[in-house]
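Atoms within a ligand are numbered from 1 in the order they appear, just like the ligands themselves. Reckoned from all heavy atoms, side chains included, excluding hydrogens, waters and symmetry mates.
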Amino acid sequence: MKKVAVIGSISKDFVVTTESIPNQGETVVGERFQTFFGGKGANQAIALCRAGMEVFMLGAVGDDELGRDLIHNLEQHGVDCGMVQNLKNVNSGSAHIQIMNGDNRIVIVPGANDFISISDIETHYEQLKQMDMIVLQNEIPMETICAVINFCDKNQIPVLYNPAPAKEIPESYIDKVNYLTPNEHEFDTLFQNQDLSEMLRMYPNKLIVTLGDRGAIFYDGEHEIIVSAEKISNIVDTTGAGDTFNGYFVKGIMDGDSVKQSVYLGNVAAGLAIQAEGAQDGIPTYEKVKALL
Ligand code: RIB
């Protein structure tokens, strides 16, 4: 089985479903409040597990009941948490999410996720060197992300960098990653005022821009390719759709599929994920995805 390490956030999602979003100074009455397990790193780790990979998480939670709960959830899904720390005097990460018409707005409070340092990565160098792929997002400190990319480059470990939520990073790091998967908004932040087609041509088979319900686009060295998403009529909650896409994209690549096939796999899995509430509950198993291919 291929080994994948996810170096990223582990959080609790506090979700309010509402029919309207309040303006400044206004109060509106929501319909429902729920909590779910979340954090982009944890979501992607679970997507990778459901896709059939052997998954190792490197991250941090608070040394409290919530922190233990977050780790327990990951372990229950089969994620190895040997590289996850319980940090004293820090809260676990949380995300505060409003859902309106199936779509979300998110405020994150990083908490322990903000304490994943370069020295934590160094501590686990030997284990990380055993990985077939390392997966990163933007919910941990940027200096740590940059150190991981350098480490992967030096040790020739393929790395997928999902630059979400949007942040800037020097171009030299973009050059070193194998796969870069922003959505359109994250693309604009990464490549300010640059033309999409030009950037796709600059990074063939590497830059994959996800387009929400329109699918995803990349350049295969000869043509610009849009891999359309399936039409989903019963969208319940889009939270975690991108995480599911990334997990299943990696599954395709690890199986030796082409970028196009892997994007298709990611699209199908993400289409299933948005038909359930919460970032993780709807992430499909590989059997479910396979049945739709
Ligand atoms: O990608 C979705 C995730 O982003 C949520 O689970 C939430 O934790 C936010 O960080």
Side-chain angles (χ1 to χ4, degrees), residues 6-17 33-51 55 57 59-62 66-67 69-71 73-74 77 79 84 91-100 102-116 135-142 144-145 160-167 180-187 189 208-213 216 235-250 266-267 269-284:
V6 178
I7 302 179
S9 58
I10 307 169
S11 302
K12 187 85 176 182
D13 291 350
F14 296 87
V15 182
V16 169
T17 308
F33 168 69
Q34 290 161 291
T35 62
F36 296 101
F37 291 106
K40 292 186 192 300
N43 299 344
Q44 293 184 19
I46 287 177
L48 285 157
C49 268
R50 296 220 172 119
V55 185
M57 183 89 209
V61 295
L66 174 55
D69 228 28
L70 291 168
I71 292 182
N73 170 60
L74 284 166
H77 285 88
V79 179
V84 177
N91 289 323
S92 295
S94 58
H96 305 267
I97 305 178
Q98 290 178 333
I99 311 241
M100 191 173 77
D103 243 324
N104 61 43
R105 285 151 199 257
I106 305 181
V107 175
I108 59 165
V109 182
N113 297 313
D114 231 7
F115 289 84
I116 304 170
V135 174
L136 284 170
Q137 317 77 26
N138 269 344
E139 289 186 334
I140 62 171
M142 189 47 87
T144 309
I145 293 170
L160 176 140
Y161 175 41
N162 171 223
K167 278 184 196 166
L180 180 69
T181 56
N183 65 19
E184 289 167 283
H185 170 62
E186 290 145 9
F187 171 87
T189 303
I208 296 120
V209 180
T210 56
L211 307 170
D213 60 4
I235 299 175
V236 176
D237 181 359
T238 56
T239 314
D243 300 326
T244 307
F245 173 87
N246 279 283
Y248 270 87
F249 174 79
V250 168
N267 281 350
L272 285 168
I274 60 178
Q275 298 179 49
E277 288 179 321
Q280 297 178 4
D281 293 356
I283 300 174

Non-hydrogen atoms closer than 4.0 Å to ligand 1: which protein residues do they belong to? List them by chain and number, please.
Asp13, Gly38, Gly39, Lys40, Asn43, Ala95, Ile108, Glu139, Thr239, Gly240, Asp243, Ala279
How about Asn267 and Tyr248: does a side-chain donor come under 3.5 Å of a side-chain acceptor?
no
In chain order, what residues pass the side-chain hydrogen bond (donor to acceptor under 3.5 Å, both in side chains) check against [X], with sequence neighbours excluded?
{"X": "Glu277", "value": "Arg32, Gln34"}
{"X": "Gln98", "value": "none"}
{"X": "Ser94", "value": "His96"}

Has Lys12 got its NZ or CZ under 6.0 Å from the middle of the six-membered ring of Phe36, at an angle within 45 degrees of the ring axis?
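No.
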Is it the case that more than 12 heavy atoms not belonging to Phe115 sit under 6.0 Å from its CZ atom?
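Open: at most 12 neighbouring heavy atoms sit under 6.0 Å from CZ of Phe115.
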